[in-house]
A.B. asks: 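Attaching a single structure in structure tokens format; questions to follow.
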Amino acid sequence: MSYEQSHLYRLRHSAAHLMAQAVSELYAGAKLSIGPPIENGFYYDIDFPEPFKEDELVKVENRMRELANLKQPITRRVVANKEEARALILNGHKPEDEPYKLELLDAIPDGEEVSFYDQRAIDKQGKERSFVDLCRGPHVENTSEIKAFKLLSVAGAYWRGDVKNKQLTRIYGTAFETKDELEQYLHNLEEAKKRDHRVLGRELGLFMFSPRVGTGLPLWLPKGATLRHVMTDFLQKEQVKRGYEPVVTPHIGNIKLYEKSGHIQTYRDKMFPFMEDEEKETYILKPMNCPFHIEIYQAQMRSYRDLPVRYAEFGTVHRYEQSGEVTGILRARGFTQDDAHLFVTPGQLQEEFIGVVDLMQTVLKKLGLKDFRARVGTKDPGSDKYVGHDDNWTAATQAITDACDQMQMDYEVSPGDAAFYGPKLDLMIKDALGREWQMGTVQVDYNLPERFELEYVGEDSKPHRPVMIHRAPFGSLERMIALLTEQFAGAFPFWLAPTQIAVLPIADRHNEAAIALSDRLKDTTYDTRALRVEVDDRRESLNKKIRENQRMKVPYMLILGDKDLEAGTVGVRDREKGDLGAMTVESFLSNL
RNA sequence: GCCGAUGUAGCUCAGUGGUAGAGCAGCUGUUUCGUAAACAGCAGGUCACCGGUUCAAGUCCGGUCAUCGGCUCCA
């Protein structure tokens, strides 16, 4: 049974109504809009006459409890027509008091059933308490079923999700069948916070931010920088195998290039302020790498025999994200895309797209990510933010879905989630707090080749227009590292761990042997790279060294004391399994 | 950007208008240790910043900045 059909879903929906009833009683003039159940709870968007503060949640909660205890039966009422519905919404109020509900009513197509949910009861003072809401339902049968609930937070939310509309106050809450389940959920939330990449990023020494550098501009620390290198090494090797060629391009470029690409027109408000030189030329900090790669493509005549051309670059870009949306390295203002642009003939598009999907599947497998979904972002017909001809959009969308079908990649089509220049396939994954983020992406682009008048000479000696594929299997190194950190709770798999092995001498007299062991390990190649080893020769107890290396999630600790020097062994401790006992270095290495 | 919240030592946090505190980390000394914190001492602060109220502000009020949750937007 799906969540939408479950009793829990109805319970949460009813909890939203109960909250609306409490709010209506407590705040005269509060206008209700919508209040649906969501993945982990519910919310209700309300237009309050005065700002609603978070500390008022307790008051609302208490009132909800009182109303729940009245054991109000919840009944469904279907009205005959919109006039009757209108009267029921207004219930003696003026139309301007119920603008949102009336708008919702107007949006219901004629002929469709219009239903209301009604809950009412007589309280101890003999007064009738009631609440009627325009609603499709379904609901539970009685408000007394709503026992385990909690209001969580207050947020602003635009009416109908449109910034041009008024911002309403959204109150988030959650409800469960039992108090235990509620407690468990709240406990899990606390646990999830410990996995937050911002917390682990600091504890593990991966990256930092400084107010003296700027919002959303991460500083990569040695351990984090190592992680980046391991990831880029891996991907680079995969790409070389698949015929990609590396390129490197600057961080800034002349604005004219970006005017031609269309970025300035569509992207201006997301770009850092422009720079002007003494000759009055304007430069921009690049928000995307594509125009530079296009310049490289265009620098010479291209034959159909040269195609596909695949230019790859770990390109650092800067985007001026709104202050409220910067989130650690999940959403930074400076980040590095594992970018590549493929210039292909229309006939090669399908095969190349499949090749990219195959690369992505390889990457996901290596990273150990399973819990993701694929989304095909298509054009929202109602929006004017897109560039390019409809025919090309249709062909590109077809190419994407065909490739996915052939690669047996399950996907959902999501209108409105295309890039401004073309449709795309995105890989979506959730972070520790359950928020979904886009990681890898492949985008088909007929638009930029046209804007830049890209050509190749075909078999017929005539010029033809190539198609471009933009793709980034990680998406960005920053976001991918954030997501991996949260997925693994900081305990990266061995091949990825910034420090793979810590050598722990028990006493000072073992330091020399520890360093020798470390040197030997560093000369050992694992997964095409030298092993990453650290010696912990601080004058601390063994227990303390173990504790701290355990906290740093180092996969293996090699402990070296008198017994080992004598026997020619090391004490091996596994991050998960604990003490594995003494063994020779050879047998340790062969088990890696 | 907008709505709400938070900002005290490197980190986690206490401090209820009257002389800024703890644990961990750091430093110094002692300890040389076999699988998750040895012991002792020392040092560490413009209580985010600016302004106001008050005899007196970490504490009350206003503004700014940063961070956190959400909306919109995005890799």
Side-chain angles (χ1 to χ4, degrees), chain A residues 43 45 48 51-57 152-172 189 193 196 198-199 202-203 208-212 214-216 267 269-270 287-288 315 317 319-333 335-339 377 385 417 419-420 424 426-428 433 435 437-441 443 470 472-480 482-483 504-511 539-551 557-564 571-574 578-582:
Chain A
Y43 67 77
D45 285 349
F48 283 92
F52 185 88
K53 308 281 182 192
E54 206 165 286
D55 56 15
E56 296 172 62
L57 289 178
L152 297 171
S153 62
V154 177
Y158 301 102
W159 168 237
R160 303 204 133 184
D162 190 334
V163 245
K164 293 193 279 284
N165 289 339
K166 181 162 188 185
Q167 192 168 51
L168 311 177
T169 302
R170 173 172 299 178
I171 302 177
Y172 281 97
L189 266 187
K193 282 181 190 161
D196 190 309
R198 289 162 296 193
V199 173
R202 188 184 52 243
E203 287 176 3
M208 61 171 278
F209 290 94
S210 164
R212 286 172 291 279
T215 295
Y267 229 73
D269 57 340
K270 287 200 184 71
M288 288 175 175
V317 295
R319 299 179 185 176
Y320 196 81
E321 303 291 351
Q322 295 187 69
S323 58
E325 56 194 14
V326 173
T327 305
I329 54 170
L330 271 171
R331 184 93 181 262
R333 280 183 174 163
F335 60 94
T336 302
Q337 296 179 313
D338 54 332
D339 211 357
K385 72 171 185 175
D417 280 320
F420 74 85
K424 54 179 186 163
D426 294 325
L427 299 177
M428 310 295 295
L433 296 180
R435 299 175 293 203
W437 298 88
Q438 175 185 326
M439 40 176 191
T441 180
Q443 314 176 351
H470 309 239
F474 295 152
S476 80
L477 279 170
E478 286 73 11
R479 183 171 288 178
M480 183 51 84
L483 293 165
L504 275 46
I506 292 180
D508 286 354
R509 62 179 176 279
H510 311 120
N511 285 357
R539 288 170 61 94
E540 296 287 355
S541 68
L542 179 64
N543 278 346
K544 182 152 182 170
K545 290 180 186 181
I546 288 171
R547 180 183 165 87
E548 290 185 4
N549 281 286
Q550 193 75 40
R551 265 227 285 244
M557 288 175 235
L558 299 186
I559 293 158
L560 217 46
D562 290 333
K563 285 186 224 163
D564 298 295
V572 178
R573 186 187 166 92
D574 179 290
D579 189 1
L580 300 183

A.B. asks: Using whole Å, what does the distance between atom C1' of nucleotide B/C33 and atom CD1 of A/I559 come to?
C.D. replies: 12 Å
A.B. asks: What's the gap between B/A48 and B/U6 when it is taken at their P atoms, as a whole Å value?
C.D. replies: 13 Å
A.B. asks: Could you walk me through whether A/V317 and A/F335 pass side-chain contact (heavy atoms from CB on, under 4.5 Å), step by step?
C.D. replies: CA-CA 6 Å; A/V317 295; A/F335 60 94; 3.7 Å; yes
A.B. asks: Roughly how far apart, to the nearest Å, are B/A20 and B/A38 at atom P?
C.D. replies: 35 Å
A.B. asks: Check whether any side-chain N or O of A/S323 sits under 4.0 Å from OP1 or OP2 of B/G1, and answer yes or no.
C.D. replies: yes
A.B. asks: Within the distance-only criterion (no hydrogens, no angle test), does the side chain of A/E478 pair as donor or acceptor with the backbone N or O of A/T336 below 3.5 angstrom?
C.D. replies: yes
A.B. asks: Taking A/K53 for its side chain and A/V154 for its backbone only, find out whether a donor-acceptor pair lies under 3.5 Å.
C.D. replies: no
A.B. asks: Watson-Crick or G-U wobble partner for B/C39, using a 3.5 Å limit on both distances?
C.D. replies: B/G29
A.B. asks: So what's B/C13 paired with, Watson-Crick or G-U wobble, going by both distances under 3.5 Å?
C.D. replies: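 For B/C13, the partner nucleotide comes out as B/G21, under the 3.5 Å rule.
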A.B. asks: Checking A/D426 side chain against A/M428 main chain: does a donor-acceptor pair fall under 3.5 Å?
C.D. replies: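 No, A/D426 side chain to A/M428 backbone: no donor-acceptor pair under 3.5 Å.
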A.B. asks: With sugar-phosphate meaning primed atoms plus P, OP1 and OP2, does A/F474 contact a base, only sugar-phosphate, or nothing at under 4.0 Å between heavy atoms?
C.D. replies: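 No contact at all - A/F474 keeps every heavy atom at 4.0 Å or more from the nucleic acid.
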A.B. asks: Is it true that A/Q550 and A/R573 share a donor-acceptor pair across their side chains at a distance under 3.5 Å?
C.D. replies: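 Yes - a donor-acceptor pair under 3.5 Å links their side chains.
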A.B. asks: Taking atom C1' in both B/C73 and B/C65, compute the distance separating them and give it to the nearest angstrom.
C.D. replies: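 After rounding to an integer number of Å, I get 23 Å for this pair.
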A.B. asks: With rounding to the nearest 0.5 angstrom, report the CG to NE2 distance, A/D508 to A/H510.
C.D. replies: 9.5 Å
A.B. asks: Using the P atom as the point on both nucleotides, what is the distance between B/U64 and B/U54, in whole Å?
C.D. replies: 23 Å
A.B. asks: Within a reach of under 6.0 Å around OH of A/Y320, are more than 12 heavy atoms found that belong to other residues, nucleotides or ligands?
C.D. replies: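 Count not over threshold, so no.
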A.B. asks: Determine, for nucleotides 69-74 of chain B in 5'-to-3' order, which nucleotides have protein heavy atoms under 4.0 Å from the base (write B), from only the sugar-phosphate (write S), or from neither (write -).
C.D. replies: BBBBBB
A.B. asks: Evaluate side-chain contact (heavy atoms from CB on, under 4.5 Å) for A/V572 paired with A/L558, printing each intermediate quantity in order.
C.D. replies: CA-CA 5 Å; A/V572 178; A/L558 299 186; 3.8 Å; yes
A.B. asks: How many whole angstroms separate atom NZ of A/K545 from atom C1' of B/U31?
C.D. replies: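 Value for this atom pair: 13 Å.
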A.B. asks: Tabulated below should be each protein N or O lying under 3.5 Å from an N or O of nucleotides 36-44 of chain B; please produce it.
C.D. replies:
| residue | atom | partner | partner atom | Å |
| --- | --- | --- | --- | --- |
| B/A36 | N7 | A/R573 | NH2 | 3.2 |
| B/A37 | N7 | A/R547 | NH1 | 3.1 |
| B/A37 | N7 | A/R547 | NH2 | 3.0 |
| B/A37 | N6 | A/R547 | NH2 | 2.8 |
| B/A38 | OP1 | A/S541 | OG | 3.3 |
| B/A38 | OP2 | A/S541 | OG | 2.2 |

A.B. asks: Rounded to whole Å, please give me the gap between CZ in A/R202 and P in B/A25.
C.D. replies: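 Taking CZ of A/R202 and P of B/A25, I get 16 Å after rounding.
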A.B. asks: Distance check needed: B/A75 P versus A/L427 CG, whole Å only.
C.D. replies: 13 Å
A.B. asks: Describe the nucleic acid contact of A/D564 in one word from base, sugar-phosphate, nothing, applying a heavy-atom distance below 4.0 Å.
C.D. replies: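 Counting heavy atoms under 4.0 Å across all strands, the contact made by A/D564 includes a base.
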A.B. asks: Counting the atoms with a prime plus P, OP1 and OP2 as sugar-phosphate, which does A/M557 contact under 4.0 Å by heavy atoms, base, sugar-phosphate, or nothing?
C.D. replies: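 No contact.
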A.B. asks: If pairing requires Watson-Crick or G-U wobble contacts with both distances under 3.5 Å, which nucleotide is the partner of B/G7?
C.D. replies: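 Per the H-bond distance test, B/C65.
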A.B. asks: Does B/G58 have a Watson-Crick or wobble partner in any strand here, with both distances under 3.5 angstrom, and which is it?
C.D. replies: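 B/G58 is unpaired by these criteria.
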A.B. asks: Counting Watson-Crick and G-U wobble pairs only, both distances under 3.5 Å, name the nucleotide matched with B/G45, or none.
C.D. replies: none
A.B. asks: Given that both distances must come in under 3.5 Å, which nucleotide forms a Watson-Crick or G-U wobble pair with B/C73?
C.D. replies: none
A.B. asks: Remember a base hit wins even if backbone is also touched, and classify A/T215 as base, sugar-phosphate or nothing at under 4.0 Å, heavy atoms.
C.D. replies: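 Touches sugar-phosphate only.
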A.B. asks: Determine yes or no for a side-chain-to-main-chain donor-acceptor pair under 3.5 angstrom, with A/R479 supplying the side chain and A/Q438 the backbone.
C.D. replies: yes
A.B. asks: Please report the distance separating the P of B/G21 from the corresponding atom of B/C61, rounded so that it comes out in whole Å.
C.D. replies: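 The answer is 25 Å between these two P atoms.
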A.B. asks: On a whole-Å scale, what distance lies between the C1' atoms belonging to B/U28 and B/U67?
C.D. replies: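 The same atom, C1', in both gives a distance of 36 Å.
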A.B. asks: A/R319 side chain to A/P287 main-chain N or O, any donor-acceptor pair under 3.5 Å?
C.D. replies: yes
A.B. asks: Nearest nucleotide by nearest heavy atom, which residue falls closer to the 5' end of RNA chain B, A/I329 or A/G578?
C.D. replies: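 Counting from the 5' end, the first nearest nucleotide belongs to A/G578.
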A.B. asks: Would you say A/R333 reaches B/A75's phosphate, i.e. side-chain N/O to OP1/OP2 under 4.0 Å?
C.D. replies: no
A.B. asks: Quick check on RNA chain B: between A/T441 and A/F52, whose nearest nucleotide comes earlier from the 5' end?
C.D. replies: A/F52
A.B. asks: When rounded to the nearest Å, what value does the distance between P atoms of B/G1 and B/C60 take?
C.D. replies: 26 Å
A.B. asks: Kindly determine whether A/R198 and A/D196 satisfy salt bridge (charged side-chain N to carboxylate O under 4.0 Å, His left out), including the steps that lead there.
C.D. replies: CA-CA 5 Å; A/R198 289 162 296 193; A/D196 190 309; 2.6 Å; yes
A.B. asks: Rounding to an integer number of angstrom, what distance separates B/C3 and B/G26 when you compare their C1' atoms?
C.D. replies: 41 Å
